[in-house]
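For the numbers below, each heavy atom of this structure counts, side chains included, while hydrogens, waters and symmetry mates do not.
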Amino acid sequence: MVKSKVLVVGGTGYIGRRIVKASLEQGHETYVIQRPELSLQIEKLQRLLSFKKQGAHLIEASFSDHKSLVDAIKKVDVVISAISGVHIRSHSIGLQLKLVDAIKEAGNVKRFLPSEFGLDPARMGDALEPGRVTFDDKMAVRKAIEEANIPFTYISANLFAGYFAGSLSQMGSFVPPRDKVHLFGDGKLKAVFLDEYDVATYTIKTIDDPRTLNKTLYLRPQENILSQGELIGIWEKLIGKELEKTYITPEGFLTTLKGLDYKLQVGIGHFYHIFYEGCLTNFEIGEDGEEASELYPEVNYTRMDEYLKIYV
């Protein structure tokens with residue numbers, strides 16, 4: 001089977017650079033958007049040039065130049081957007097509406113993967129304010145995709161390990177504590193933790209797979225379905241020490257949340273749904289979805305005990 005040509009939008013970002021790497025490794029002719037403003041961001045420019053050395057093609061295009069987007073899209077079969085949706089950096093989800101317009105005009109794309117890679121926004125209709133803006137914006141993009149009859153795959157990757165596993169899901173740090181730890185509620189509700197390179201690997205696996213066409217792919221590898229308490233237990237075993245534990249009640253969490261800056265409220269508010277409601281695992285995957293590790297058992301995904309060893 002001829003492998004699809006792939007265009008990555010947001011390829012210099014946190015998940016985007018991993019998607020570029022996975023696309024190249026899996027043998028796809030890979031194109032990466034080079035936006036004009038990145039010419040003055042030296043680290044991102046150097047990352048783009050490193051992609052070029054690895055065999056990727058750079059295409060100059062801009063969200064402010066519709067024709068440039070259309071021309072770039074016409075060179076490929078699949079478009080993957082990985083633009084930022086994190087408010088503490090830059091929340092750019094809405095820009096994808098311009099990308100949808102360009103894909104519709106180009107008329108050649110056989111699969112579009114918008115920037116999601118987290119909680120399934122279709123299941124977050126009752127999310128708390130102000131954090132629900134993330135899900136509302138993603139659903140607006142989905143609506144535009146489906147109204148334009150663009151073939152799609154949505155990726156629900158759950159929790160990035162760099163943010164949630166390395167920190168033991170603590171707020172305010174990305175490294176695991178060695179003395180004291182906070183747990184949300186009783187720490188027993190299950191979540192799902194993914195190494196970011198595994199997210200990228202599964203993502204690229206979908207693009208030529210008819211089983212994932214017009215469906216949501218949930219990344220739920222069995223051994224990485226863990227409660228916060230279980231994750232902490234793995235760390236305690238690695239360091240040979242039991243941590244002092246403080247349990248945060250739902251009421252206490254919400255009180256703390258209200259005192260934070262708006263951007264922090266948006267991101268940290270999602271913790272409530274993950275760890276107090278179990279929103280990542282409290283449902284069965286239906287006919288509109290597939291589970292990644294079942295479709296692609298050949299992927300030797302990173303288990304969290306292995307992941308956390310780097311922090312010891």
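Across F193 and L226, no two heavy atoms sit closer than the pair CE1-O, 3.5 Å. Shortest non-hydrogen contact noted between R142 and T216 is NH2-OG1, 4.2 Å. Of all the heavy atoms in K3 and H28, the pair that sits closest is CB-ND1, 3.6 Å. For A22 against I204, the heavy-atom pair with the smallest separation is CB-CG1, 3.8 Å. When all heavy atoms of F63 and K98 are compared, the closest pair comes out as O-CD, 3.2 Å. Annotation for Y301 and E223: closest pair OH-N, 3.1 Å, computed over non-hydrogen atoms.
Put simply, the side chain of K188 never gets that close to the backbone of S227: no donor and acceptor are under 3.5 Å apart. Side-chain atoms of H182 do not come within 3.5 Å of backbone N or O of M171 as any donor-acceptor pair.
By the neighbour-count criterion of 12 heavy atoms within 6.0 Å, atom CG of D261 is densely surrounded, having more than that number from other residues, nucleotides or ligands. Remark: K52 NZ is loosely packed, at most 12 non-hydrogen atoms of other residues, nucleotides or ligands lying under 6.0 Å away. Shown here is E60, whose CD atom has no more than 12 heavy atoms of other residues, nucleotides or ligands within 6.0 Å. Within a 6.0 Å sphere centred on CD of E43, other residues, nucleotides and ligands contribute 12 heavy atoms or fewer. In K110, the NZ atom is crowded: over 12 heavy atoms of neighbouring residues, nucleotides or ligands sit closer than 6.0 Å. Within 6.0 Å of the CD atom in E129, the count of heavy atoms belonging to other residues, nucleotides or ligands exceeds 12.
Salt bridge D101/K104: absent, no basic N to carboxylate O contact under 4.0 Å. Ion pair E116/K138 not flagged as a salt bridge, since none of the NZ, NE, NH1 or NH2 atoms sits closer than 4.0 Å to an Asp/Glu carboxylate oxygen. A salt bridge links R211 and D209; the closest N-O separation between the charged side-chain nitrogens and carboxylate oxygens is under 4.0 Å. For E230 and K190, the salt-bridge test passes: some basic side-chain N is under 4.0 Å from an acidic carboxylate O.
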Test side chain to side chain contact (heavy atoms under 4.5 Å, CB included) on L295 and K205; report intermediate values, then the result. CA-CA 9 Å; L295 291 186; K205 286 274 187 183; over 6 Å; no
Show the numbers, then the answer: is there a salt bridge (Lys or Arg N to Asp or Glu O under 4.0 Å) between R123 and D120? CA-CA 6 Å; R123 298 183 177 277; D120 180 1; 3.6 Å; yes
Between E242 and K237, does a salt bridge (Lys or Arg N to Asp or Glu O under 4.0 Å) hold up when you go through it step by step? CA-CA 8 Å; E242 185 172 345; K237 185 176 180 180; over 6 Å; no
Check against salt bridge (Lys or Arg N to Asp or Glu O under 4.0 Å), K245 and E236: CA-CA 12 Å; K245 299 174 180 65; E236 290 175 327; 2.6 Å; yes
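Between the side chains of S23 and E25, no donor-acceptor pair is found at a separation under 3.5 Å. Of the N and O atoms on the side chains of T212 and E290, not one donor lies less than 3.5 Å from an acceptor on the other residue.
Taking the centre of each ring, H270 and F135 come in below the 6.0 Å mark.
We find the CG-NZ distance between L7 and K75 to be 10.5 Å, quoted to the nearest 0.5 Å. Interatomic distance, CZ of R303 versus NZ of K309, reported as 12.5 Å (0.5 Å rounding). Note: D195 CG to Y307 OH = 6.0 Å, rounded to the nearest 0.5 Å. One distance of note links CG of L99 with NE2 of H66; it measures 10.5 Å at 0.5 Å rounding. A distance of 8.0 Å separates OG of S62 from CZ of R35, quoted to the nearest 0.5 Å. The CG atom of D305 sits 10.5 Å away from the CG atom of L231 when rounded to the nearest 0.5 Å.
Considering only heavy atoms from C-beta on, Q96 comes within 4.5 Å of I93 through its side chain. Residues R220 and N158 have side chains in contact (heavy-atom distance under 4.5 Å, counting atoms from C-beta outward). Using a 4.5 Å cut-off on side-chain heavy atoms (C-beta onward), F174 and Y311 make no contact. Counting only heavy atoms from C-beta outward, the side chains of T153 and L213 never approach each other to under 4.5 Å.
Aromatic ring pairs are classed by plane angle as parallel below 30°, tilted from 30° to 60° and perpendicular above 60°; the pair Y14 and F160 is tilted. Ring planes of F253 and Y276: tilted class, angle from 30 to 60°. Ring geometry for F271 versus F184: interplanar angle over 60°, hence perpendicular rather than tilted (30 to 60°).
At least one cation-pi condition fails for R111 and F152: the charged atom is not both under 6.0 angstrom from the six-membered ring centre and inside a 45 degree cone around its axis.
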